[in-house]
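Atom set for the values below is all heavy atoms of this structure, side chains included, hydrogens, waters and symmetry mates excluded. Residue numbers start from 1 in every chain, and the chains themselves are labelled A, B, ... in the order their sequence lines are given, proteins ahead of strands.
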2 protein chains.
Amino acid sequence: MQRMTRQRTALADLLEVTPDFRSAQQLHQLLKDAGQNVGLATVYRTVQAMAEAGDVDVLRIEDGEALYRRCARGHHHHLVCRECGKTVELAGEAVERWASRIAQEHDFVDVDHTAELVGICRDCAARIYGGGARA
Amino acid sequence: MQRMTRQRTALADLLEVTPDFRSAQQLHQLLKDAGQNVGLATVYRTVQAMAEAGDVDVLRIEDGEALYRRCARGHHHHLVCRECGKTVELAGEAVERWASRIAQEHDFVDVDHTAELVGICRDCAARIYGGGARA
DNA sequence: GCATTGTTGAGAATGATTGTCATGCCGTCC
DNA sequence: GGACGGCATGACAATCATTCTCAACAATGC
């Protein structure tokens, strides 16, 4: 049984109002800043349970650190701004089709796939490149 | 300038004959087993340099550990068997088109993407599922 | 050969994540 | 309302991949 504790409520509430991907360490700090003391181990445990339950998405950045974010149920992908963290959820049917076609072509079964896009959003591009066009 | 040292040669030779993704720790152990003592730090440094140069591919497994593998030059994706590690390199033009279309739709620039497929190859499927069909 | 300078390696340091286990609190039953 | 059983918590230790440090080393150019 999943008990609804103060800690889990606090973390769920925090994720509800946090639009960007955050590490477990960051979430722990944010809770502390908000006066909600929640143990680091509890943050890790809870966030992992939520990931398994499909309530949050997990993203691994370049150095292997795990980032979490509240997400819509169901399979989808992301487009993330590497500057500000702004995230767009993608249905990505084209990717599903590609993955299943490749799997068939090579006689693979039970094929899962990961597909993430990382770029720079319009606002950050304007700020960084001074509004100039850039491919 | 890049000097050709005994250590780099040994690592390059090892990667040349290693078809599957291996962690830096594993590569270090394999070198030791082969009588080629190469420091762990050197393995990490060398493998990272090779990754930057595009001579090896990097793959992050679920727990964040980095795996390396000799690869063809140029951008491509992978289809990996989660049982035996068998790897197929994919040109994946469909993914490139999808990524660039999504980037345009959302006004993102400088968009990189990752896309990896993980499944079970025909041989392993036959071994595991007893040769029966399975989607 | 010899100097120059990038490279190596042993071990310490880092930092995220996980394990430990006594204590605490939620849900339940009375 | 109050007791109880057991999952949940948290402070801290432990783990483990990866990076750092820096003196000793060895390619390369001459």
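- Contact annotation: Gln48(B) side-chain N/O to dT19(D) OP1/OP2 distance is under 4.0 Å.
- One interatomic measurement links the two molecules: CZ of Arg8(A) to P of dG10(D), which rounds to 11 Å at whole-angstrom precision.
- The 5' end of DNA chain D is approached more closely, in terms of each residue's nearest nucleotide, by Ala41(A) than by the other of Ser23(B) and Ala41(A).
- One interatomic measurement links the two molecules: CZ of Arg60(B) to C1' of dA17(D), which rounds to 10 Å at whole-angstrom precision.
- With rounding to the nearest 0.5 angstrom, the CG atom of Leu59(B) is 8.0 Å from the OG1 atom of Thr114(A).
- Between the C1' atom of dG10(D) and the CG atom of Leu27(A) lies a distance of 17 Å, rounded to the nearest Å.
- Here CG of Leu117(A) is found 11.0 Å from CZ of Arg82(A). Values are rounded to the nearest 0.5 Å.
- One can place CD of Gln36(B) at 14 Å from C1' of dT8(C), the figure rounded to the nearest angstrom.
- Regarding Ile61(B), its CD1 atom lies at a distance of 14 Å from the P atom of dT17(C), rounded to whole Å.
- Tyr44(B) has no side-chain polar atom (N or O) that falls below the 4.0 Å cut-off from OP1 or OP2 of dT19(D).
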Per-nucleotide protein contact string for nucleotides 22-30 of chain D (B base, S sugar-phosphate only, - none; heavy atom under 4.0 Å): ----BBS--
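- Rounding to whole angstrom units, CG of residue Leu11(B) and C1' of dT8(C) are separated by 13 Å.
- Here the closest heavy-atom approach between residue Ile120(B) and residue Cys81(B) is recorded as CA-SG, 3.9 Å.
- Closest approach to the Ala66(A) side chain among dT17(C), dG9(C), dA17(D) is made by dT17(C) (side chain taken as heavy atoms from C-beta onward).
- Rounding to whole angstrom units, CG of residue Asp63(A) and C1' of dT14(C) are separated by 12 Å.
- To the nearest angstrom, C1' of dG15(C) lies 11 Å from CG of Leu40(A).
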